[in-house]
Amino acid sequence: MISKVKSAVANFMGGSGTSSCQNHACVSRSGVPPRPGAEVIPVKFPFERPSFLELTPEELRRSADHIQRPVLTPPERLLWSTGYAEVINSGKSQNNEDQACCEVVNVERRSGNSRRNSLSSTDDEEGVCNTHTSENKEKDRICFHYWGLFDGHAGPGAAIMASKLLHLQICEQLRDISDILQNASMPPPICLNSELKTQSVEQVEDTPTEENRVFTNESTCRFHQEKKVSHQSLVVGAIENAFKQMDEHIERERSKYSILGGCCAMAVVYLLGKLYVANAGDSRAIIIRNGKILPMSREFTPETERQRIQFVGFMKPELLGNEFTYLEFPRRIQYKELGKRMLFRDHTMTGWAYKTIDENDLKFPLIYGEGKKARVMATIGVTRGLGDHDLKVYGSNIYIKPFLSCFPEVRVYDLMHHEHCPDDVLVLGTDGLWDVTNDKEVADVVASVLSNCEPDNPRRFTMVAQELVMKSRGVLKERGWRLANEKLGSGDDISVFVIPLGGPVTYT
């Protein structure tokens with residue numbers, strides 16, 4: 001087994017061509033013809049590009065050209081005059097595995113005591129919540145504005161499914177709290193649909209009193225200290241739970257449909273004056289306000305999540321298949337070094353210490369490689385996302401999913417607490433952008449393009465997105481795609497949203 005892992009590592013760690021795995025799953029399971037007599041199951045959703053691009057069949061065919069790599073932009077104005085652009089990779093996968101979504105979603109009140117924890121396979125998925133391109137201000141509902149980027153790997157199936165359903169999962173979670181959110185002055189109740197008489201969180205004092213005691217029966221009493229819960233935390237929880245439900249939905253459906261691979265997922269929700277930026281993966285988001293940069297996400301990679309992943313291996317060693325060690329060493333240990341002392345660290349450590357090497361330390365490290373080449377179990381370079389339920393270590397029956405988290409980090413930006421000029425934007429990009437372009441370079445492109453556009457140009461933010469994609473892709477030369485400074489351009493799929501935060505935009 002170890003020799004197979006070593007061989008796989010040697011193949012993708014040393015590769016530098018356009019077919020390299022870059023930052024995602026290293027063994028593609030897409031496009032493999034079925035064995036004679038093998039059961040063929042239908043795909044959940046057919047491959048397509050985002051509907052707002054409005055591509056004709058011929059345009060779709062041309063967009064998949066790995067040599068020309070045309071930059072695509074939507075023909076019509078998107079929500080908030082949002083800019084969008086995308087380009088396919090230079091050959092690492094047959095299709096563009098990025099997906100995107102941009103919607104206005106109306107959250108209707110839940111009737112009676114009806115409750116669904118998720119979208120089941122028998123639900124009318126498009127009818128659970130209403131999606132429109134115009135705003136709805138009816139009193140019995142709230143609406144949120146939504147942007148989503150999904151960076152697929154090992155096949156586009158999970159990314160396509162998430163792009164079609166994640167906003168509906170968020171809507172479904174928000175239905176539980178829609179009445180609460182509409183009353184800004186009222187703190188949320190602790191219990192819903194309960195006959196228990198509960199106090200609001202604002203009425204509970206920090207010190208125990210008779211009024212703060214809840215009697216569970218005639219003979220026993222127990223003090224319950226209620227915690228203060230804000231409306232904002234309810235929305236964050238709804239988004240977090242929606243990601244979890246989306247991941248479970250993919251897992252359930254894969255028994256009936258072919259849902260290839262997994263995806264990094266980034267979603268932005270605008271609700272009641274606040275932007276909620278949820279990130280599970282290595283896509284990134286930044287706000288550029290008055291020329292200054294405010295990070296709205298962080299990348300989740302084997303390096304940034306080393307301690308969490310090692311802790312899973314420590315708590316559940318059976319997941320390591322007796323082939324991996326959760327400990328980290330500066331390099332692979334050789335058999336002749338048994339009994340010697342070497343630097344190491346585990347899930348409890350940020351620094352390094354020495355330990356005496358034993359035979360267990362000869363196992364392959366759970367996290368192998370460094371920087372962009374770091375991999376979990378020598379297979380995948382991202383540690384959060386949706387899907388990947390069937391992903392195994394090459395040549396084994398060891399599943400990798402237990403080490404991959406579907407939960408996003410959610411950061412909140414209150415639009416009403418800041419003044420914005422017409423050139424302030426939120427930029428979302430898959431890692432194809434950020435691999436070759438840093439925050440300052442993105443901000444420079446934004447400033448340069450917008451300064452040369454008329455303020456009332458409806459496509460000014462699309463022009464920014466287009467320029468960001470073109471600069472990160474580079475120009476095809478004899479030695480591959482090259483940037484203006486002759487460094488390698490991005491060979492990955494690139495997708496970018498540029499969302500304006502000020503100027504003519506009217507928040508609702």
Side-chain angles (χ1 to χ4, degrees), residues 1-2 4-5 8-9 24-26 117 153 158 236-237 240-252 254 262-265 278-282 298-333 341-370 374-410:
M1 165 62 191
I2 290 294
K4 292 181 180 179
V5 173
V9 170
H24 300 307
C26 299
N117 290 326
H153 49 258
V236 170
E240 291 170 333
N241 205 29
F243 271 67
K244 177 185 177 183
Q245 298 296 338
M246 186 72 249
D247 193 57
E248 292 176 353
H249 191 185
I250 292 173
E251 184 177 18
R252 288 194 306 271
R254 82 191 206 282
C263 67
C264 299
N279 182 45
D282 60 359
R298 60 190 174 110
E299 298 176 61
F300 293 103
T301 67
E303 285 198 327
T304 64
E305 292 217 277
R306 173 187 64 83
Q307 289 176 283
R308 179 187 69 79
I309 295 168
Q310 288 179 329
F311 182 66
V312 175
F314 169 76
M315 293 297 294
K316 297 183 177 181
E318 66 275 10
L319 298 177
L320 301 174
N322 203 34
E323 299 288 349
F324 293 87
T325 174
Y326 69 89
L327 299 179
E328 180 184 10
F329 301 91
R331 59 169 171 78
R332 283 303 312 278
I333 299 171
R341 293 178 65 77
M342 181 176 285
L343 288 171
F344 87 105
R345 61 182 178 181
D346 63 14
H347 63 282
T348 66
M349 304 166 64
T350 56
W352 296 83
Y354 283 96
K355 77 176 296 287
T356 301
I357 301 301
D358 59 36
E359 289 196 2
N360 283 329
D361 299 328
L362 297 177
K363 296 176 181 178
F364 208 84
L366 176 57
I367 297 175
Y368 184 82
E370 190 174 10
R375 297 290 185 272
V376 178
M377 291 182 159
T379 306
I380 189 168
V382 291
T383 55
R384 297 202 191 191
L386 305 172
D388 287 315
H389 298 283
D390 296 312
L391 185 61
K392 297 180 182 180
V393 175
Y394 176 73
S396 80
N397 285 317
I398 301 175
Y399 284 92
I400 299 175
K401 179 63 175 183
F403 297 95
L404 310 180
S405 173
C406 64
F407 286 96
E409 178 187 60
V410 183

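All heavy atoms count here, side chains included; hydrogens, waters and symmetry mates do not.
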If you take all heavy atoms of Phe407 and Ser405, which pair is closest and at what distance? N-OG, 3.1 Å

So CG of Asn279 and CD of Glu299: to nearest 0.5 Å the spacing works out to 8.5 Å

So do the side chains of Phe314 and Asp346 get within less than 4.5 Å of each other, counting heavy atoms only? no

Starting at CG of Leu319, measure out to NZ of Lys401 and round the result to the nearest 0.5 Å. 13.5 Å

Return yes if some donor-acceptor pair links the side-chain N/O of Arg384 with the main-chain N/O of Cys264 below 3.5 Å, else return no. no

Donor-acceptor pair, side chain of Asp247 and main chain of Lys244, under 3.5 angstrom: no

Ile400 pairs by side chain to side chain contact (heavy atoms under 4.5 Å, CB included) with which of Asp390, Leu391, Thr383? Leu391

One pair to check against side chain to side chain contact (heavy atoms under 4.5 Å, CB included): Asn322 and Lys363. What are the steps and the verdict? CA-CA 8 Å; Asn322 203 34; Lys363 296 176 181 178; 2.9 Å; yes

Can you confirm whether Ile357 sits close enough to Phe329 that some side-chain heavy atom of one is under 4.5 Å from a side-chain heavy atom of the other? yes

Do Asp388 and His153 come within less than 4.5 Å of each other through their side chains, counting heavy atoms only? yes

Would a 4.5 Å heavy-atom cut-off, applied to side chains only, mark Thr356 and Arg341 as touching? yes

In Å, rounded to the nearest 0.5 Å, how long is the span from OH of Tyr326 to NZ of Lys316? 16.0 Å

Could you go step by step and tell me if Met377 and Leu366 meet the side chain to side chain contact (heavy atoms under 4.5 Å, CB included) rule? CA-CA 5 Å; Met377 291 182 159; Leu366 176 57; 3.7 Å; yes

Name all residues meeting the salt bridge (Lys or Arg N to Asp or Glu O under 4.0 Å) criterion together with Glu409; count only those two or more places apart in sequence or in a different chain, and write none if there are none. Arg298, Arg411

How long is the straight-line distance from CG of Leu343 back to CZ of Arg331, given to the nearest 0.5 Å? 10.0 Å

Do Leu327 and Lys355 make a side-chain contact, defined as non-hydrogen atoms from C-beta onward lying under 4.5 Å apart? yes

Looking at every non-hydrogen atom in both residues, tell me the closest pair between Pro408 and Ala278 and how far apart they are. CB-CB, 3.9 Å

How close do Ala158 and Leu386 get, counting heavy atoms only, and between which atoms? CB-O, 4.2 Å

Evaluate the ring planes of Phe364 and Phe324, with Trp represented by its six-membered ring, and classify them as parallel (under 30°), tilted (30 to 60°) or perpendicular (over 60°). perpendicular

Which heavy atom of Leu320 sits nearest a heavy atom of Gly313, and at what distance? CD1-O, 3.9 Å

Over all atoms of both residues, closest heavy-atom pair of Arg375 and Gly381: CD-N, 3.6 Å

Partners meeting side-chain contact (heavy atoms from CB on, under 4.5 Å) with Glu328 (sequence neighbours left out): Arg306, Gln310, Arg345, Trp352

Starting at CG of Leu362, measure out to OG1 of Thr325 and round the result to the nearest 0.5 Å. 9.5 Å

Taking all non-hydrogen atoms of both residues into account, name the closest pair between Ser396 and Lys392 and its distance. O-CD, 3.6 Å

Got a donor-acceptor contact below 3.5 angstrom from the Arg254 side chain to the His249 backbone? no

Any chance you could measure Cys406, atom SG, to His389, atom NE2, to the nearest 0.5 Å? 7.5 Å

